[in-house]
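Heads up, the thing below is written out as structure tokens.
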Amino acid sequence: MIEKTYEPASVEGRIYQAWLDAEAFAAGAGAEPGAETFSIVIPPPNVTGSLHIGHALNNTIQDILIRFERMRGKDVLWQPGTDHAGIATQMIVERRLMENQQPGRRELGREEFLKRVWEWKAESGGTIMNQLKRLGASADFSRERFTMDEGLSEAVREVFIALYRKGLIYRAKRLVNWHPVLETAISDLEVENIETDGKMWHLRYPVENSEDHIVVATTRPETMLGDVAVAVHPEDERYQHLIGKYVILPLVGRRIPIVGDEYADPELGSGAVKITPAHDFNDFEVGLRHNLRPINIFTTAARINGYAPKDYRGLDRFEARAKVLVDLEAIDAVMWVEDKKIMVPYDEKSKQVVIEPFLTDQWFVNAEVLAQRALAAVREGRTKFVPQNWENTYFSWMENIKPWCISRQLWWGHQIPAWYGPRLSTDPDFGNADKGPKVFVGATEEEAIAEAKSYYGRPVTVFNQGLTSGGYQEAFTQFETVQRARKQPELLAKLKETDPFAELQDSKAPIHRDEDVLDTWFSSALWPFSTLGWPEDTPELRKYYQTDVLVTGFDIIFFWVARMMMMGIEFLDEEPFHTVYVHALVRDEHGAKMSKTKGNVIDPLSLVDGYGADATRFTLAAMAAQGRDLRLAMSRVEGYRNFVTKLWNAARFLEMNECRRVEGYDPRANTLALNRWIVSATHRAVGAVTKGIEDFKFNEAANAAYDFVWGVFCDWYVELAKPVLTGEDEAAKAETRATAAFALDQILKLLHPFMPFVTEELWGETGKIGPAREKLLIVSRWPDLSGLEDADADAEMDWLIQLVSGIRSVRTEMNVPAGAKIALQIIGAGEETGTRVEANLAAIERLARLESVSYGSEVPAGSAQIILGEAVFALPLAGVIDLSVERARLEKDVAKIDDEIAKIDKKLGNEQFVAKAPEEVIEEQRTRRSDAADRRKKLLEALARLT
RNA sequence: GGGUGUGUAGCUCAGCGGGAGAGCAUUGCCUUCACACGGCAAGGGUCACAGGUUCAAUCCCUGUCACACCCA
């Protein structure tokens with residue numbers, strides 16, 4: 001027996017376990033032999049994360065696609081897993097250490113610290129995957145991967161080395177976005193520019209050997225300590241005479257040139273700008289154009305370093321600003337100050353730390369080269385965006401792609417497989433500080449040592465203690481000193497004088513591994529193939545790559561889509577997916593972005609707790625219209641919870657009326673129009689839902705299913721079936737029972753991708769009686785009712801529904817008490833109407849609450865009249881109804897029809913319309929006009945009869 | 001400043017060249033033998049504004065206004 005109420009909380013866990021026990025999520029589960037594949041890789045969520053509503057939408061969509069294709073018999077893989085979220089995870093663990101008053105990571109050392117991170121990951125890293133399970137995600141969790149797994153790490157090393165050898169990865173000194181608290185480079189995508197109330201200081205710099213001065217404007221006065229030039233627009237007449245002259249930098253005393261550069265905007269401020277290449281991206285470019293050597297005045301913690309005057313050293317950047325301003329005031333160098341809205345780069349996560357453009361040695365991917373094929377793939381349609389307009393976002397980012405800084409000054413991540421050593425004196429770059437040390441890249445230390453040995457032609461020593469501790473730096477310096485000395489005999493002789501063994505000091509070359517790790521996205525970019533076993537040539541890789549769809553939010557196009565495309569094409573010569581489905585952002589009811597600080601976050605798990613996973617999923621699907629944000633209103637969730645209940649109760653009703661599935665039931669053999677119709681209507685619904693999912697129009701699919709199940713099956717089929725089920729005609733009863741059970745089966749299948757739990761539960765319940773179920777619903781076949789359309793039955797039921805609705809409307813408008821049974825008299829019925837009335841007599845009587853149905857030749861006086869087709873359906877209510885009310889009702893109908901006729905006549909009377917509109921449109925208008933005219937005539941007759 | 005998108009019923013949103021739709025909310029009736037998380041019925045819209053294209057515009061084009069987001 002189906003329970004009286006459906007309680008998601010008590011059902012969902014059990015059903016989910018049943019799927020797991022049946023291994024229904026495993027790659028290829030339930031597939032037809034030799035079926036084509038359908039695969040999706042999850043965009044890997046952060047291992048530190050927990051499920052938010054965006055994940056819920058993202059994964060609901062993936063699960064709908066996966067369950068749908070699995071039911072269509074495809075060989076399906078949904079690959080789950082998480083990424084290691086370098087910065088976020090390291091921060092969490094460091095914070096935990098601090099909170100527990102344990103030693104920090106530097107005291108612990110790399111190895112011990114990493115042990116702690118792995119411990120934390122083991123402890124709470126599974127959170128988000130477990131939360132996905134509560135949503136009903138049918139990913140193959142037996143294949144769950146993590147970006148730091150050995151196999152995936154091997155993929156990272158392989159890719160790094162391959163790109164390095166191709167020259168697509170290089171090391172360079174560049175300005176990067178620097179996080180001065182974490183002391184690491186971060187991606188430009190992790191920076192959020194926030195408009196802030198700031199100030200613009202106008203500073204006066206004296207021109208050398210002159211009474212003249214030049215005024216520069218800046219929002220960051222402290223960076224003046226690192227100024228190396230002043231730029232003016234080359235065509236700015238005010239300053240042309242100064243180009244080539246020098247100013248003396250106040251407080252510092254440095255003599256710096258005035259250069260002409262178009263970067264200086266004559267309209268802005270004074271038209272002159274200070275140039276600080278080490279601390280501003282634009283200034284860096286200006287510096288390159290004018291061969292200005294950047295002066296970095298900050299330490300990695302954004303304190304003033306030794307390149308600035310003594311008085312400022314050790315101050316942090318904000319203290320330095322205050323002091324610089326005081327000191328400039330003192331020499332009267334501050335001309336004036338204005339308030340100004342300025343864009344300040346903040347760390348995107350905390351929005352607390354101001355990010356610093358910082359000049360350091362980092363590893364970069366030459367993304368511009370990799371981007372070319374990734375761009376072509378989309379331009380040439382091998383990978384499509386849905387909705388298509390997201391292509392523009394992809395193009396604009398890819399076309400303006402910058403070198404991708406992939407090194408991070410962290411410990412948690414894939415340590416860069418690069419070792420450094422001093423250069424040999426024979427090296428063309430020997431002694432060139434800008435070129436940095438000699439680099440050896442290898443998958444293992446052995447490989448790196450081998451590389452180094454062949455370079456040095458002598459043994460090497462590997463220093464692992466790090467640059468700061470241990471003797472590496474010392475050994476490096478000694479090696480270089482000897483190398484330098486070898487070039488100049490007198491230097492060597494001098495060296496030998498002080499140290500007889502000096503020459504031995506380059507007998508062993510010191511090398512040292514890069515301490516830094518790679519950007520997390522470097523490994524995420526490989527996800528579509530590294531999770532399938534690459535670089536091994538595995539069966540899974542051959543089978544499931546190329547994957548089919550990447551489902552993602554638009555904010556992630558740059559993060560994942562672009563990088564996965566570049567890497568997939570580079571290493572597998574094929575795009576990682578043929579379709580990118582970009583879904584909406586979930587906002588709150590009023591359209592605001594959800595955020596913890598605003599406190600308007602809707603926790604998907606609390607929705608699951610309150611309304612059930614099915615209602616939560618259905619809501620997200622039903623609201624996932626393309627190209628629009630999704631405002632989540634609780635009333636909608638509640639509405640779909642009601643839908644789940646409705647389905648449950650309908651199934652319960654069928655069970656109570658012994659609507660069992662029948663072995664060998666053939667819908668083609670149905671005789672009753674009611675049954676032929678519901679099969680036909682189910683066929684239509686299957687078509688609409690199928691098309692919706694295929695086209696990624698999940699809202700259309702969900703609404704089609706909703707309308708059919710509630711609006712057609714429950715509201716009409718079940719109601720119309722009631723008289724049959726309680727009637728005497730055993731054959732009709734048997735056919736209706738079997739058909740109802742059959743239709744419910746199709747409904748369960750149709751709804752399964754959206755509402756997996758309640759449908760699987762009902763599948764089980766209805767499987768307890770009648771023929772045994774062969775398998776779980778999750779691996780059952782998607783409905784195919786082709787050939788079961790039935791236009792005659794559709795027409796008859798449409799007529800019946802119109803008749804019943806018509807009578808109901810009149811009853812209400814005439815204030816006939818709901819409980820009162822009334823008589824119906826039919827006048828002027830043709831043969832077809834007569835047949836239809838007879839065939840559906842019981843249903844008409846019941847649904848319209850009639851006590852009798854009879855035929856007459858005249859409409860009884862004082863009747864309410866319903867015009868349907870050629871016939872008049874009269875409700876003789878003399879004495880009960882108010883004739884003036886009935887007249888008003890009919891007149892209103894006439895007015896409506898008149899309006900319509902007038903509109904059509906206007907069209908048909910327009911010569912241009914008749915001449916230019918397509919024939920079928922004109923024909924349609926003519927048909928509509930004649931139908932309307934017929935109806936109008938009947939209504940007028942009915943009105944005439946009233947008097 | 002550049003780009004993208006959105007303005008349709010009180011609210012949340014579909015539709016997007018030829019008959020204005022749904023859910024919720026509202027109003028009235030109904031404790032009818034699955035379901036009050038229900039049933040039946042009803043009211044409610046110059047489809048932001050102004051031009052244009054077209055035989056025909058809520059839908060296409062241009063502009064204006066408003067809002068949102070992305071990139072500088």
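Every chain is numbered from 1, with letters handed out A, B, ... down the list of sequences. None of the values given here were measured: they were computed from a predicted structure.
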Would you mind pulling out the nucleotide paired to A57(B), Watson-Crick or G-U wobble, both distances under 3.5 Å? none

Can you identify which nucleotide, out of G43(B), U32(B), G19(B), has its nearest atom closest to the K907(A) side chain? G19(B)

Provide, to the nearest angstrom, the distance between the CZ atom belonging to F698(A) and the P atom belonging to A14(B). 15 Å

Across all strands shown, which nucleotide pairs with A36(B) by Watson-Crick or G-U wobble geometry, both distances under 3.5 Å? none

Tell which nucleotide pairs with A68(B), taking only Watson-Crick or G-U wobble pairs whose two distances are both under 3.5 angstrom. U4(B)

Looking at U32(B), A41(B), C55(B), which one has an atom nearest to any side-chain atom of R849(A)? U32(B)

How about NZ on K722(A), more than 12 heavy atoms from neighbouring residues, nucleotides or ligands closer than 6.0 Å, or not? yes

Report the nucleotide, chosen from A42(B), G18(B), A72(B), that has the shortest atom-to-atom distance to any side-chain atom of M343(A). A72(B)

So what does K722(A) touch, heavy atoms closer than 4.0 Å: a base, only the sugar-phosphate, or nothing? base

From A41(B), C55(B), C29(B), pick the nucleotide closest to the side chain of N910(A)? C55(B)

Using the side chain to side chain contact (heavy atoms under 4.5 Å, CB included) definition, which of the options V378(A), V580(A), V582(A) pairs with E391(A)? V378(A)

Rounded to whole angstroms, how far apart are CD on E700(A) and P on C16(B)? 7 Å

Return the value, rounded to whole Å, for the distance between atom CH2 of W648(A) and atom P of G38(B). 17 Å

Using the ring of F713(A) (Phe, Tyr or Trp, six-membered ring only), decide whether K646(A) places NZ or CZ under 6.0 Å from its centre and within 45 degrees of its axis. no

Whether the side chain of R636(A) and the base of G23(B) hold a donor-acceptor pair under 3.5 Å is what I'd like checked. no

Looking only at the aromatic ring of each residue, does the gap between the centers of F643(A) and F754(A) stay below 6.0 angstrom? no

A917(A) side chain: which of A34(B), G18(B), G28(B) is closest? G18(B)

Relative to the 5' end of RNA chain B, which residue comes earlier, A622(A) or Q925(A), by the nucleotide with the nearest heavy atom? A622(A)

Looking at S635(A) and C24(B), is any side-chain donor or acceptor paired with a base atom of the opposite kind under 3.5 Å? no

Any N/O donor-acceptor pair, E719(A) side-chain to A34(B) base, under 3.5 Å: yes

Taking for each residue the nucleotide of RNA chain B bearing the nearest heavy atom, is the 5' side occupied by N657(A) or by W716(A)? N657(A)

The side chain of R808(A) is closest to which nucleotide in this list: A34(B), G39(B), A41(B)? A41(B)

F698(A) and F696(A) aromatic ring geometry - parallel, tilted or perpendicular at 30°/60° bounds: perpendicular

State the pairing partner of A42(B); accept Watson-Crick or G-U wobble contacts with both distances under 3.5 Å, and report none otherwise. U26(B)

Regarding the side chain of K903(A), the nearest nucleotide among G18(B), A20(B), A34(B) is A20(B)

Nucleotide nearest T645(A) when distance is taken to its side chain, options G18(B), C37(B), A14(B): C37(B)

Closest listed nucleotide, where the reference is the side chain of N649(A) and the choices are C35(B), G18(B), G19(B): C35(B)

Residue pair A740(A) / L654(A): nearest heavy atoms and the distance that separates them: O-CD1, 3.7 Å

Using both distances under 3.5 Å as the test, list the Watson-Crick or G-U wobble partner of G63(B), or none. C49(B)

Which listed nucleotide (C37(B), A72(B), G18(B)) is nearest to the side chain of R641(A)? C37(B)

